[in-house]
Q: 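Take this structure first; my questions come after.
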Amino acid sequence: MSKPTLDFSSLHSVFPTTSDYAHNYGWAAILSATLLGFGQERLIPDLVHEILIQTGVDEGLQAVAFRKVREAMLKASALVGFPRSINGLSLLHKTLASKTPHVATLLSTDKSLRAPIPLPERHARGHAFFSQIYGKHTSTVLTNLNTTSGGDLGEYAVNCVYGDLVAEFAILDEKETTLLEFVCCLSIMAGPQAKGHMFGSRTLGNSGEEVRGAIEMCRAVGKAVETAGGGMWSEEEMEWLKKAEGW
């Protein structure tokens, strides 16, 4: 498979100009997670290049953008695969060190946002965000997770995936995080999970235009990957995506 060709400027514009994603570099966070979902970590340096074009010499904006990209790939790890996130983060780090060393040094001084917290607090934080996404279906979803895994998957999801990882909102807020979860699941064609997160992202404040923008981003990356000789990305059995057309 050859390297896919993407027009990063057009991918930036899938979100309306009035959207937070368009002007606070949320689009870059969502795109980085999408690239990982398609197994295209090697395109992270190209994303860095696009951000540097947009930010010019403003290192403050660069720090904002690259912190979002870094956080997005970290949060994506539980959804698209830990190795992909490791590789994407490594490429981000190396590219920043080469292209904008001062910003790379600044980011290297950041302290962890995920210092160990007591299990009750971690459980409460994870369950609260999980419940925001799944609403009245929360108990059913957790029961199904536990039933299929000997009682472990629901606990892992709430305490670790949510309590430890994704329910941290200092860099990517609840709205951005739910849309990130959606594109991760959509890009790997995990239909049932993508459906749940599409509706969850709507519940957490994403507009219809923003959800449709995320879908368009996945379609564009999927088409580029297929054109380059990669596997075919398909929306088969995901008719529920049409629901977003009416939002």
Side-chain angles (χ1 to χ4, degrees), residues 1 4 6-7 10-16 19 21 26-27 29-41 43 72-73 75-81 84-85 129-138 140-145 147-149 153-154 157 161-162 166 172 174-247:
M1 175 185 170
L6 288 173
D7 181 351
S10 68
L11 289 173
H12 162 237
S13 64
V14 298
F15 295 107
S19 169
Y21 294 100
W27 68 269
I30 301 302
L31 179 53
S32 66
T34 303
L35 293 175
L36 264 58
F38 281 99
Q40 296 304 313
E41 304 94 289
L43 294 179
M73 290 195 285
K75 286 189 172 184
S77 63
L79 297 162
V80 303
R84 288 182 179 180
S85 289
F129 187 42
F130 195 92
S131 299
Q132 282 184 285
I133 294 171
Y134 289 104
K136 64 182 181 180
H137 304 294
T138 299
T140 300
V141 173
L142 288 175
T143 296
N144 289 341
L145 290 175
T147 298
T148 59
S149 64
L153 198 52
V161 175
Y162 280 81
V166 299
L172 296 177
E174 292 94 326
K175 176 183 173 181
E176 293 168 314
T177 298
T178 55
L179 197 66
L180 179 150
E181 291 180 304
F182 169 53
V183 297
C184 284
C185 295
L186 186 59
S187 63
I188 63 173
M189 295 186 291
Q193 290 72 35
K195 179 180 180 181
H197 284 296
M198 185 181 83
F199 284 94
S201 69
R202 186 77 168 118
T203 300
L204 269 291
N206 285 281
S207 69
E209 285 184 295
E210 289 167 336
V211 174
R212 291 193 297 274
I215 295 170
E216 184 58 32
M217 183 176 282
C218 280
R219 287 171 174 161
V221 177
K223 182 178 180 180
V225 170
E226 183 178 353
T227 300
M232 184 178 73
W233 182 79
S234 172
E235 297 176 31
E236 187 177 352
E237 299 184 2
M238 290 194 281
E239 295 85 1
W240 42 265
L241 284 171
K242 296 178 181 178
K243 179 71 175 180
E245 296 173 6
W247 287 347

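Sequence positions, counted from 1, serve as the residue numbers for this chain. Since this is a predicted model, take the numbers as computed values, not measurements.
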Q: Okay, side chain of Arg212, backbone of Trp247: is any donor-acceptor separation there less than 3.5 Å?
A: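 Yes, Arg212 side chain to Trp247 backbone: donor-acceptor pair under 3.5 Å.
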Q: Kindly compute the distance separating OG (Ser10) from CE (Met217), expressed to the nearest 0.5 Å.
A: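 These two atoms lie 9.0 Å from each other.
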Q: In the structure I gave you, are the side-chain heavy atoms of Phe182 and Asn206 within less than 4.5 Å of one another anywhere?
A: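 In short, these two side chains do not touch, never coming nearer than 4.5 Å.
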Q: I'd like to know if the side chain of Glu226 and the backbone of Lys223 have a donor-acceptor N/O pair within less than 3.5 Å.
A: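 Side chain of Glu226 to backbone of Lys223, a donor-acceptor pair under 3.5 Å: no, none is there.
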Q: Would you say that Thr34 contacts Leu11 through its side chain, given a criterion of any heavy-atom pair below 4.5 Å between the two side chains?
A: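 They are not in side-chain contact.
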Q: Anything under 30° is parallel, anything over 60° is perpendicular, the rest tilted; go ahead and classify Phe15 against Tyr21.
A: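 If you compare the ring of Phe15 with that of Tyr21, the planes turn out parallel.
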Q: Are side-chain heavy atoms of Phe129 and Glu174 found at a separation under 4.5 Å?
A: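 The answer is yes; the side chains approach within 4.5 Å.
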Q: Applying side chain to side chain donor-acceptor pair (under 3.5 Å), name anything that partners Ser77, two or more places apart in sequence or on another chain.
A: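 In terms of side chain to side chain donor-acceptor pair (under 3.5 Å), with neighbours along the sequence ignored, Ser77 is linked to no residue.
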Q: Quick check: does any side chain N or O of Arg84 sit under 3.5 Å from a backbone N or O of Gly37, one acting as donor and the other as acceptor?
A: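 Flag set: sc Arg84 to bb Gly37 pair under 3.5 Å.
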Q: Using a 4.5 Å cut-off on heavy atoms from C-beta on, say whether the side chain of Ser19 contacts that of Glu209.
A: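 Sidechains of Ser19 and Glu209: no contact.
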Q: Should Ser234 and Glu237 count as side-chain neighbours, where that means a heavy-atom distance under 4.5 Å?
A: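 A side-chain contact under 4.5 Å is absent here.
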Q: As an exercise, state the distance from CD1 of Ile30 to CG of Leu179, rounded to the nearest 0.5 Å.
A: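 Output value for this atom pair is 4.5 Å.
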Q: To the nearest 0.5 angstrom, please state how far the CZ atom of Arg202 sits from the CD1 atom of Ile133.
A: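 Answer rounded to 0.5 Å: 16.0 Å.
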Q: Measure the shortest side-chain to side-chain distance between Val221 and Leu31 over non-hydrogen atoms and say whether it is less than 4.5 angstrom.
A: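 A side-chain contact under 4.5 Å exists here.
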Q: Please walk me through it: do Met232 and Met189 pass side chain to side chain contact (heavy atoms under 4.5 Å, CB included)?
A: CA-CA 10 Å; Met232 184 178 73; Met189 295 186 291; over 6 Å; no
Q: Would you compute the distance between atom CG of Leu186 and atom CG of Leu241 and round it to the nearest 0.5 angstrom?
A: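 If I round to the nearest 0.5 Å, the distance is 6.0 Å.
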Q: Ignoring hydrogens, what is the shortest heavy-atom contact between Gly231 and Val225? Give both atom names and the distance.
A: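 Heavy-atom minimum between the residues: O-CG1, 4.2 Å.
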Q: Taking all non-hydrogen atoms of both residues, which atom of Met73 and which atom of Ser85 are closest, and how far apart?
A: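 Nearest heavy atoms, Met73 then Ser85: O-OG, 2.7 Å.
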Q: Could you state the interatomic distance from CG (Leu204) to OG1 (Thr177), rounded to the nearest 0.5 Å?
A: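 The OG1 atom of Thr177 is 8.5 Å from CG of Leu204, to the nearest 0.5 Å.
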